[in-house]
Amino acid sequence: TVIESKGVPRLPDDHGDTPESATVIVPETIGDGLRWELSGLIGIGADVDVFRIEVPNAGSLWWDVVPERYGPNLTVATELRRADGTTVSTPTSAIRSWANGATVTVQPGTHYLLVSAGARGNPPSSGFSAYGSLGHYRGHIGWNAPRKTHVLPNTALATGSANSQG
């Protein structure tokens, strides 16, 4: 607010703060899976960037979100929610880690990844709060279909032709 009082405007919010205003991100197909890329700016302490993804089938969903590489001042917090608003995962990271992510099993449908400023540990004795945690971030979300198991009939053993010595 001090900077704004001197005539410098605040940057506009780059992503919606709610599921209704979420940024829809389109995946890239990689083999049997999908991969989404995301980036943004946590510009004020109360900023939450919400990304909407569509998962086609049950499978493994993973994500990693990291602050920009040089001079990060952002400690990333993430949360994955289903379309009905229930939380799937709220991972915590080590006190020395600026990044955040997880791997979970999900059902098909709409999911939302929320990115915000995070705290670590138990402030003030063994960690720090989210106060002043601002900055740019980038990340990826990936989805992999469950591995298919194929059972083939063992006709060679049934007929006695496998490994036969004649």
Measuring from [X]:[atom1] to [Y]:[atom2], what's the distance to the nearest 0.5 Å?
X      : Y      : atom1 : atom2 : answer
Arg81  : Arg52  : CZ    : CZ    : 15.0 Å
His136 : Asp14  : NE2   : CG    : 8.5 Å
Asn144 : Thr103 : CG    : OG1   : 9.0 Å
Ser89  : Trp63  : OG    : CH2   : 4.0 Å

Query raised in the report: How far apart are the closest heavy atoms of Asp17 and Ser21, and which atoms are they?
Result: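 Heavy atoms of Asp17 and Ser21 come nearest at N-OG, 3.3 Å.
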Query - Arg82: which of Thr87, Val88, Val55 passes side chain to side chain contact (heavy atoms under 4.5 Å, CB included) - result: Val88
**Report entry** Leu41, Ile42, Val65 screened by side chain to side chain contact (heavy atoms under 4.5 Å, CB included) with Leu74, the one that passes
**Finding:** Ile42
Requested in this report: Determine whether Ile141 and Leu61 make a side-chain contact, defined as any pair of heavy atoms from C-beta on separated by less than 4.5 Å.
Outcome: yes
Query raised in the report: Hey, are the side chains of Ile53 and Trp143 touching, using non-hydrogen atoms and a 4.5 Å cut-off?
Result: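 A side-chain contact under 4.5 Å is absent here.
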Query - side chain to side chain contact (heavy atoms under 4.5 Å, CB included) evaluation trace for Val76 with Val66 - result: CA-CA 7 Å; Val76 176; Val66 297; 5.8 Å; no
May I have the list of side-chain donor-acceptor pairs in residues 106-118 shorter than 3.5 Å, sequence neighbours left out?
from: Thr110; atom 1: OG1; to: Glu54; atom 2: OE1; distance (Å): 2.9
from: Thr110; atom 1: OG1; to: Glu54; atom 2: OE2; distance (Å): 2.7
from: His111; atom 1: ND1; to: Gly109; atom 2: O; distance (Å): 3.2

Report task. Return the orientation label for the Phe51 and His15 ring planes: parallel under 30°, perpendicular over 60°, tilted otherwise. Result ->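 Rings of Phe51 and His15: tilted, 30 to 60°.
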Report task. Go through Val104 and Leu80 one step at a time and tell me if the side chain to side chain contact (heavy atoms under 4.5 Å, CB included) criterion holds. Result -> CA-CA 9 Å; Val104 296; Leu80 182 68; 3.8 Å; yes
Query raised in the report: Any luck finding a side-chain donor-acceptor pair between Thr78 and Asn100 under 3.5 Å?
Result: yes
Check: residues 27-39 side-chain donor-acceptor pairs under 3.5 Å, at least two apart:
from: Arg35; atom 1: NH2; to: His140; atom 2: NE2; distance (Å): 2.6
from: Trp36; atom 1: NE1; to: Ile25; atom 2: O; distance (Å): 3.3

